[in-house]
Student: 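First the structure, then my questions, so here it is.
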Amino acid sequence: MESVTATRKETQSQAAADKASAGPTTVQQETDGFHLLIDALKQNGIDTIFGLPGIPITDLTRKAQAAGLRVISFRHEQNAGYAASIAGFMTQKPGICLTVSAPGFLNGLTALANATTNCFPMILISGSSEREIVDLQQGDYEEMDQLAIAKPLAKAAFRVLHAEDIGIGVARAIRAAVSGRPGGVYLDLPAKLFPQAVDAATGRNSLIRVVDPAPRQIPSEQSVMRAVELLQNAKRPLIILGKGAAYAQADADIRALVEKTGIPYLPMAMAKGLLPDTHDLSAAAARSYVLPEADVVMLIGARLNWLLSHGKGKTWGGASPKAWGGQKFIQVDISPTEADSNVRIDAPVVGDIGSCVSAMLKAVDSKWRKPPEDWLTAIAERKNKNVAKMAETLAKNPTPMNFHSALAVVRDIVKANPDAMLVNEGANALDFTRSIVDMYKPRKRLDVGTWGVMGIGMGFSIAAAVVSGQQVIAVEGDSAFGFSGMEVETICRYNLPVCIVILNNNGVYRGDEVNPTGGADPSPLVFVKDARYEKLMEAFGGVGVHATTPAALRTAMEEAVRSRRPTLINAIIDERAGTESGRITSLNPTAKKK
Ligand SMILES: Cc1ncc(C[n+]2csc(CCOP(=O)(O)OP(=O)(O)O)c2C)c(N)n1
Ligand SMILES: [Mg+2]
């Protein structure tokens, strides 16, 4: 406290001196913590805050709006946090989530941890209670040592105690969020910081416009040559594009690298559309063939985590779950410690994806030989067979609808509206959408990411609409939707062009489970039958549709896209249609004894 008082006195006497020297007509100009924070954000190109007001940040939300920032106010901080994180992914600028202390902070923390796991740049700014009382545990209003709690879940965490340090605090948070491998950063701002008065000129001088917040990291020439040579000598090369590749915004070079080398590629879920899913070189429809068969695999911004079966085991042609296949790996990643995390990486290329891909593109010269024809033909054969099989399934028109007949409609609508943003969560609702709905442009598909987390739906949808201005189509499992459903009010309040399609099968995975005891309680996996989710949207003035046929779903989606009105379509799916955990049933522990 003392130092704050001392600083304030100094500032005041300095201001008084300034005033005296400037003559009697000058009015003393002061600023405060509120305005310094707002100015610091604005100076760094941040134009939107996702948050939820309350003590001690209520006035901050008002003042931010008055100062021209867009303030999107949510019904629950977790959704604001997810919104901020995906805004970061879309823009390469840290998304800002603003919350109150303790419970509001904790509500935002899940999103911060998820952002760090997914390498989304985000800053969670939370107001906090009085330090002296928190540290002596004397029971302040919403008392909690938030900085300590955020630290292990964030890429970095900072606290600012003096208004003069706000500029530094914001600059450090921005650099930490976007440089190197991006992630979630926590910024702790105690209540007393906001009203602290500072001489306006001193305050202005304390702000930092961060220069080159995410500096390029150029890969070594040797690492690039090593990788290109390995690729050139491969008999069955494969490229895997991850969401890091999508984040990099190096779309033209990535496409050129794939096309120039002629190497088949697999997009991870959020890399779909980096090249159109209909591209000749997409091996997505032959995934289970190419992974074990490939001899050299180049990962671009994709990690060998569980989503790629850790690069080993059956998926990769290994004899047992821990056994490696015969592949050699090239890994293009910004983090040097990513290599060798799961299997041996024969050629790590460390740098930012844009610089790495452009260096590789230069190294692939006119003497480049395309992959052997037999590899390409073998993939094409599998692909064509699987595509034909899928077309047959999609053409069926069962009553009630199943995931396929509903998603055949979504697929058409997305094809006709390739600029639309697609948000997707659920289990079956996620897996089927990912494989059925083609994407045509980069960073249009936003989903559950590395953790497979439920609850991102409405937060991602709101951010996608706010940031891009495009139509948003959210394909949601009925369980998944429940995690953030109340934000339908937010969607209506800001009149956002969001069309939610709930693939409603009455439950988690499916809706036909029963209580084995025969008791009155329902199974833990099912919901109220025939729930009318569309009425939730109507409650706030949006459009609600109950769709039991593909034709009804199509009409409703077309109308939603045409009108850009908030719309919720309750698409009724056969409650027996799903499978346990969608495609990851094998991760469920099962009892040895039945
Ligand atoms: C935060 C969180 N809680 C729980 C889960 C476990 N989980 C995975 S998918 C899912 C819901 C699946 O049901 P639904 O969204 O209706 O999709 P469906 O398979 O029925 O299409 C749940 C609860 C999770 N992934 N994340
Ligand atoms: Mg369901």
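Ligands are counted one by one from 1 in listed order, and the atoms in each one are counted from 1 as well.
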Student: For the pair Lys389 and Glu392, find out whether any cationic side-chain nitrogen is under 4.0 Å from an anionic carboxylate oxygen.
Tutor: no
Student: Without hydrogens or angle criteria, can the side chains of Lys312 and Asn342 be said to hold a donor-acceptor pair below 3.5 Å?
Tutor: no
Student: Under 3.5 Å, is there a donor-acceptor pair linking the side chains of Ser335 and Glu338?
Tutor: no
Student: Is the shortest side-chain N to carboxylate O distance from Asp447 to Arg445 below 4.0 Å?
Tutor: yes
Student: Does this structure show an ion pair linking Asp431 with Arg434, if we count only N-O contacts that are shorter than 4.0 Å?
Tutor: yes
Student: By residue and atom, what protein N/O/S atoms are less than 2.8 Å from the Mg ion (ligand 2)?
Tutor: Asp478 OD1, Asn505 OD1, Gly507 O
Student: Step by step, would you call Ser128 with Asp188 a side-chain hydrogen bond (donor to acceptor under 3.5 Å, both in side chains)?
Tutor: CA-CA 7 Å; Ser128 59; Asp188 193 75; 3.0 Å; yes
Student: Tell me which residues fall inside the under-4.0 Å heavy-atom shell around ligand 1.
Tutor: Phe403, Gly426, Ala427, Asn428, Ala429, Gly452, Val453, Met454, Gly477, Asp478, Ser479, Ala480, Phe483, Asn505, Gly507, Val508, Tyr509
Student: Is a donor from one side chain sitting under 3.5 angstrom from an acceptor on the other, for Asn588 and Glu580?
Tutor: yes
Student: Are Phe329 and Trp324 near enough that their ring centres are under 6.0 Å apart?
Tutor: no
Student: Quick one: do the Asp277 and Ser282 side chains pair a donor with an acceptor below 3.5 Å?
Tutor: no
